[in-house]
**Student:** 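Just dropping this structure here.
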Amino acid sequence: MTETVPLKLFNSLTRQLEPFQPVHPGEARVYSCGPTVYSYQHIGNMRAYVFADTLGRTLKFKGYALRHVINITDVGHLTSDADAGDDKMEKAAAQSGKTAWDIAAFFTAEFKRDLGWLKVTDPAKWTVATEYVPAMIDYAKSIADKHCYELDSGLYFDVTTVPDYGRLARAATDEGEGRIEQIEGKRHQADFAIWRKTPPGESRQMEWDSPWGRGAPGWHLECSVMSSAELGMPFDIHTGGIDHREIHHPNEIAQNQAHECSAHTGATIWMHNNFLKIRDGKMSKSEGGTVRMQHLVDAGFHPLAYRMVCLQAHYRSELEFSWEGLQAAFVRLKRLVMTVSGLRAQAEPADAPGARLAPYLERFEAALSDDLNTAVALTVLEEAAALKKTDSGEKLAALAAMDRALGLDLLTLRREELRIRPKAATIAEAEIEAILTQRKEARAAKDFATSDALRDELAAAGVEVMDGDPLGWDWKLGEG
RNA sequence: GGCCCGAUGGCGGAGUGGCUACGCACCGGACUGCAAAUCCGUUUACGCCGGUUCGAUUCCGGCUCGGGCCUCCA
């Protein structure tokens, strides 16, 4: 083993790059804030999980044993009949007599399907919030006396009882006008709910008895409880969207400090991915401004093209989504898959990459070790793939090692799997093949007028004929 | 109103105090009956105004524009 560069990660706590130093030697324990499953996740949400997965894969690439936990927030604020939201699925579910539990199960399944499409590795543990409510109540009991106070609406956390509140957010904890309506009796504006009592006369579909009355846990509580239960305190890395840096995570930190009676924030490194911006007009029309993985697939794009979109950018940069950009990433993925397929036709992956590829692996690792610079890592992978006069087996071994970190599935993905039937397609595959057979005959007879007419016919049906491609034809891509 | 962040070629997006990634598109070439696909090659940039410096896209200040958070949004 050669000496390798240490992994450096950007810690939101210090706003600096820091070397990764695990709490438990050789092991990396990571907690990722998961979705609230009351609606579909859009592609922006999915960026967070591609990021968390890339982090996990990088840790494994660096030789750490990974223990990753992602939570599913299946308890929230859904009251019995109000607050149905404007999500069609939710309405439909409500109309068909489904419960909040059914809705949560439905959207959890949808979410996990999208993760599978994106080759996001299953975490060691999915923590489901409702399964931890008793633990949350115990947790709340343990901090109630010293850190909390009770109001009519619930149990609140006093943020002045822990050191350095809001350090992560770099924001003033108090002062300011604030547009938010104050909750009657709160001691400080930043104080937050640990337990929310069900208002008198109302009932929730999801509610539990507690020392502070019947109700539901505060959102921030669950992540502290589940992370400490599954990973122990302190653990290594906590990930989430950048929006969580301001409120959710500072509150989580406050709870951790209260519970552990320590100034430690609970996780050594807090990492936040930036947002995906969607401003394309056409796109915004669908589903009230959100685009989901399903929409990409419906338009004929392979889900991994979206992973490619994410990987091309740094996780801390805002990323602009457009169909044109998705198309570009898809073409890039396709060419890479074809290159690898060519290599696989020639050789089996070697046991080791060999000396010729070593510098590329080094550069690849250096890029990832530099706060997950996947954009550069990707170009190194492509350079290695394009190397001339190199043993195919060794090259495959190198590409396999790199792809284990990037997760593009390059060694198993086949060209034909990238041909996704668009939802709007009107012609059947068998019909296409039949026309192509006719065209082949016409070409053999040098009847190019007929052959071109058949090609035009297919083009009109959204099918592109490609004589030089092993597949022979592909769908023309549309926009969502 | 408060706090935070960003501005790179046609699009997306890395990165750096001087040697200007990468992908897609474009253009040229190979291949093809012609295309397409594929392969090879090439062109185009660092928001505006000052400052520091031998030299700034990169550092500092101001401006303009854009974005985020302050409500259980990744």
Side-chain angles (χ1 to χ4, degrees), chain A residues 15 32-36 38-39 41-52 73 75-78 129 166 169-181 183 189-190 192-193 196 216-223 239-248 251 272-277 279 290 308-309 311-336 338-339 342 367 370 373-383 386 415 443 446-448 451-452 455-456 459 464-474 476:
Chain A
R15 305 284 159 105
S32 299
C33 271
T36 302
Y38 281 102
S39 64
Q41 300 300 299
H42 55 73
I43 58 175
N45 295 319
M46 300 314 290
R47 186 184 185 194
Y49 308 108
V50 170
F51 154 62
T73 300
V75 53
H77 45 125
L78 194 71
R170 294 281 165 91
T173 53
D174 228 326
E175 316 291 339
E177 314 280 305
R179 313 185 262 104
I180 318 307
E181 211 176 304
I183 289 178
Q189 191 174 325
F192 55 92
R196 298 180 163 243
W219 176 49
H220 311 296
L221 185 59
E222 62 180 62
C223 283
T239 78
I242 196 163
D243 50 330
H244 287 333
R245 194 178 67 187
E246 317 302 330
I247 298 295
H248 180 48
N251 291 350
H272 298 95
N273 62 281
N274 215 318
F275 280 90
L276 181 82
K277 290 195 330 193
R279 69 148 74 118
T290 68
M308 179 67 92
V309 167
L311 258 26
Q312 283 174 323
H314 189 97
Y315 74 89
R316 278 194 286 127
S317 299
E318 273 185 355
L319 173 55
E320 195 100 30
F321 178 85
S322 68
W323 291 101
E324 192 190 356
L326 181 63
Q327 166 82 55
F330 193 20
V331 171
R332 185 178 198 177
L333 175 66
K334 188 170 122 183
R335 290 183 180 156
L336 210 41
M338 290 180 81
T339 301
D370 180 20
N373 192 333
T374 52
V376 168
L378 198 52
T379 66
V380 176
L381 183 151
E382 280 174 326
E383 278 182 48
R415 166 73 182 91
R443 289 182 73 208
K446 303 251 192 262
D447 179 2
F448 296 122
S451 121
D452 289 353
R455 186 167 64 196
D456 290 345
E464 196 164 48
V465 176
M466 307 176 301
D467 292 330
D469 188 288
L471 280 187
W473 66 275
D474 205 344
K476 274 188 201 155

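Nothing here was measured: the structure is a model prediction, and the numbers come from that model. Per chain, numbering begins at 1; letters A, B, ... match sequence-line order.
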**Student:** Rounding to a whole Å, what distance do you find between A:Asp469:CG and B:U32:P?
**Tutor:** 16 Å
**Student:** Report which part of the nucleic acid A:Glu383 touches: base, sugar-phosphate, or nothing (heavy-atom distance under 4.0 Å, all strands).
**Tutor:** nothing
**Student:** Counting Watson-Crick and G-U wobble pairs only, both distances under 3.5 Å, name the nucleotide matched with B:C26, or none.
**Tutor:** none
**Student:** Taking B:C26 as the reference, what is the distance to B:A36 when you measure between their P atoms (whole Å, please)?
**Tutor:** 10 Å
**Student:** Tell me which of A:Ala328 and A:Gly44 sits closer to the 5' end of RNA chain B, going by the nucleotide each one is nearest to.
**Tutor:** A:Ala328
**Student:** When rounded to the nearest 0.5 angstrom, what distance separates CD in A:Glu318 from CZ in A:Phe321?
**Tutor:** 16.0 Å
**Student:** Test of understanding: with side-chain contact (heavy atoms from CB on, under 4.5 Å), list the residues that count as partners of A:His248, not counting sequence neighbours.
**Tutor:** A:Cys33, A:Trp219, A:His220, A:Cys223, A:His244, A:Glu252
**Student:** NA contact type, A:His244, heavy-atom cut-off 4.0 Å: base, sugar-phosphate, or nothing?
**Tutor:** sugar-phosphate
**Student:** For A:Tyr38 versus A:Val75, what's the shortest heavy-atom pair and its separation?
**Tutor:** OH-CA, 3.9 Å
**Student:** Choosing from B:C4, B:G13, B:G33, which nucleotide comes nearest the side chain of A:Ala375?
**Tutor:** B:G13
**Student:** Locate the shortest heavy-atom distance separating A:His314 from A:Asp370; write the atom from each residue and the value.
**Tutor:** CE1-O, 4.5 Å
**Student:** May I ask you to verify whether the side chain of A:Thr379 and the base of B:G23 hold a donor-acceptor pair under 3.5 Å?
**Tutor:** no
**Student:** Output the rounded distance in Å from NE2 (A:His220) to P (B:C70).
**Tutor:** 10 Å
**Student:** Nearest to the side chain of A:Ile247, heavy atoms from C-beta on, is which of B:C69, B:G15, B:C22?
**Tutor:** B:C69
**Student:** Say we look at B:G15 and B:U8: how far apart would their C1' atoms be, to the nearest angstrom?
**Tutor:** 10 Å
**Student:** Touch check for A:His314, heavy atoms < 4.0 angstrom, all strands: base, sugar-phosphate only, or nothing?
**Tutor:** sugar-phosphate
**Student:** If you look at every strand shown and take non-hydrogen atoms under 4.0 Å, does A:Glu382 touch a base, only sugar-phosphate, or nothing?
**Tutor:** sugar-phosphate
**Student:** Taking atom P of B:G1 as reference, at what distance in whole Å does atom CD of A:Gln189 sit?
**Tutor:** 17 Å
**Student:** The side chain of A:Lys277 lies closest to which of these nucleotides: B:A25, B:G66, B:C34?
**Tutor:** B:G66
**Student:** Set out, in order, the CA-CA distance, both residues' side-chain angles and the distance that settles side chain to side chain contact (heavy atoms under 4.5 Å, CB included) for A:Asp474 and A:Asp469, then state yes or no.
**Tutor:** CA-CA 9 Å; A:Asp474 205 344; A:Asp469 188 288; over 6 Å; no
**Student:** Quick one: A:Trp323 CH2 to B:A25 C1', roughly how many Å, whole number?
**Tutor:** 19 Å
**Student:** When you compare B:G9 with B:G62, how far apart are their P atoms, in angstrom units rounded to a whole number?
**Tutor:** 25 Å
**Student:** Does A:His42 have any ring-ring contact (aromatic ring centres under 6.0 Å, His included) partners at least two apart in sequence or in another chain, and if so, which?
**Tutor:** none
**Student:** Taking atom P in both B:G2 and B:C63, what distance in whole Å separates the two?
**Tutor:** 14 Å
**Student:** Let's test your reading of the model: under 3.5 Å, does the base of B:A35 pair with the side chain of A:Asp467 as donor and acceptor?
**Tutor:** yes
**Student:** Would you call A:Phe275 stacked on B:G68, i.e. ring centres under 5.5 Å apart with the planes less than 30° off parallel?
**Tutor:** no
**Student:** Taking the side chain of A:Thr339 as heavy atoms from C-beta outward, which of B:A21, B:C39, B:C72 is closest to it?
**Tutor:** B:C39
**Student:** Pick the closest RNA chain B nucleotide for A:Ser317 and for A:Leu276 by heavy atoms, then say which residue is nearer the 5' end.
**Tutor:** A:Ser317
**Student:** For B:U20, which nucleotide in any strand shown is its Watson-Crick or wobble partner with both distances under 3.5 Å?
**Tutor:** none
**Student:** Side chain of A:Asp243, heavy atoms from C-beta onward: which of B:C73, B:C22, B:A14 has the nearest atom to it?
**Tutor:** B:C73
**Student:** Given atom CD1 of A:Ile242 and atom P of B:C3, what is their separation to the nearest angstrom?
**Tutor:** 18 Å
**Student:** Between atom CG of A:Leu336 and atom CE of A:Met308, what is the distance when rounded to the nearest 0.5 Å?
**Tutor:** 5.5 Å
**Student:** Looking at B:C69, B:C34, B:G12, which one has an atom nearest to any side-chain atom of A:Glu320?
**Tutor:** B:G12
**Student:** Between A:Asn273 and A:Arg47, which heavy-atom pair has the shortest distance, and what is it?
**Tutor:** ND2-C, 4.4 Å
**Student:** Taking A:Glu382 first and then A:Arg335, would you say they form a salt bridge - that is, a charged N and a carboxylate O separated by under 4.0 Å?
**Tutor:** no
**Student:** What is the distance from CG of A:Leu333 to P of B:U38, rounded to the nearest Å?
**Tutor:** 12 Å
**Student:** Strictly distance-based, threshold 3.5 Å: is any side-chain N or O of A:Thr73 a donor or acceptor partner for the main-chain N or O of A:Thr36?
**Tutor:** no
**Student:** Expressed in whole Å, how much space separates the C1' atoms belonging to B:G18 and B:U58?
**Tutor:** 11 Å
**Student:** Between the base of B:G6 and the side chain of A:Asn274, is there a donor-acceptor distance below 3.5 Å?
**Tutor:** no
**Student:** Do A:Arg245 and B:C3 have a side chain to base donor-acceptor pair shorter than 3.5 Å?
**Tutor:** no
**Student:** Which listed nucleotide (B:U32, B:C73, B:A14) is nearest to the side chain of A:Val376?
**Tutor:** B:A14
**Student:** What nucleotide, of B:C24, B:U32, B:A36, holds the atom closest to the side chain of A:Glu464?
**Tutor:** B:A36
**Student:** Counting Watson-Crick and G-U wobble pairs only, both distances under 3.5 Å, name the nucleotide matched with B:G6, or none.
**Tutor:** B:C65
**Student:** Where the side chain of A:Asp452 is defined as all heavy atoms beyond and including C-beta, which of B:A14, B:G33, B:G23 is the nearest nucleotide?
**Tutor:** B:G33
**Student:** Counting side-chain heavy atoms from C-beta on, which of B:G66, B:A36, B:C69 comes nearest to A:Met466?
**Tutor:** B:A36
**Student:** Answer with base, sugar-phosphate or nothing: what part of the nucleic acid does A:Val331 contact at a heavy-atom distance below 4.0 Å?
**Tutor:** sugar-phosphate
**Student:** Work out how far the P atom of B:G50 is from that of B:U38, and round it to whole angstrom.
**Tutor:** 47 Å
**Student:** With a 3.5 Å limit on both atom pairs, tell me what B:G1 is paired to, counting Watson-Crick and G-U wobble, or say none.
**Tutor:** B:C70
**Student:** Classify the nucleic acid contact of A:Arg335 as base, sugar-phosphate or nothing, counting any heavy atom under 4.0 Å across all strands shown.
**Tutor:** sugar-phosphate
**Student:** Let me know the distance between CD of A:Gln327 and C1' of B:G10, rounded to the nearest Å.
**Tutor:** 15 Å
**Student:** Checking all strands, does A:Leu378 fall into the base, sugar-phosphate, or nothing category for heavy-atom contacts under 4.0 angstrom?
**Tutor:** nothing
**Student:** Please classify the nucleic acid contact of A:Arg332 as base, sugar-phosphate, or nothing, using heavy-atom distances under 4.0 Å.
**Tutor:** sugar-phosphate
**Student:** Hey, does the side-chain of A:Arg455 have a donor or acceptor N/O within less than 3.5 Å of a partner on the base of B:A36?
**Tutor:** no
**Student:** Mind checking the C1' distance from B:G12 to B:A25? Whole angstroms is fine.
**Tutor:** 11 Å
**Student:** Applying a 4.0 Å non-hydrogen cut-off, can you work out what A:Tyr49 is touching in the nucleic acid: base, sugar-phosphate, or nothing?
**Tutor:** sugar-phosphate
**Student:** Considering only the C1' atoms, how many Å lie between B:C65 and B:C49, rounded to the nearest integer?
**Tutor:** 15 Å
**Student:** Roughly, in whole Å, what's the span from CG in A:Leu319 to P in B:G68?
**Tutor:** 14 Å
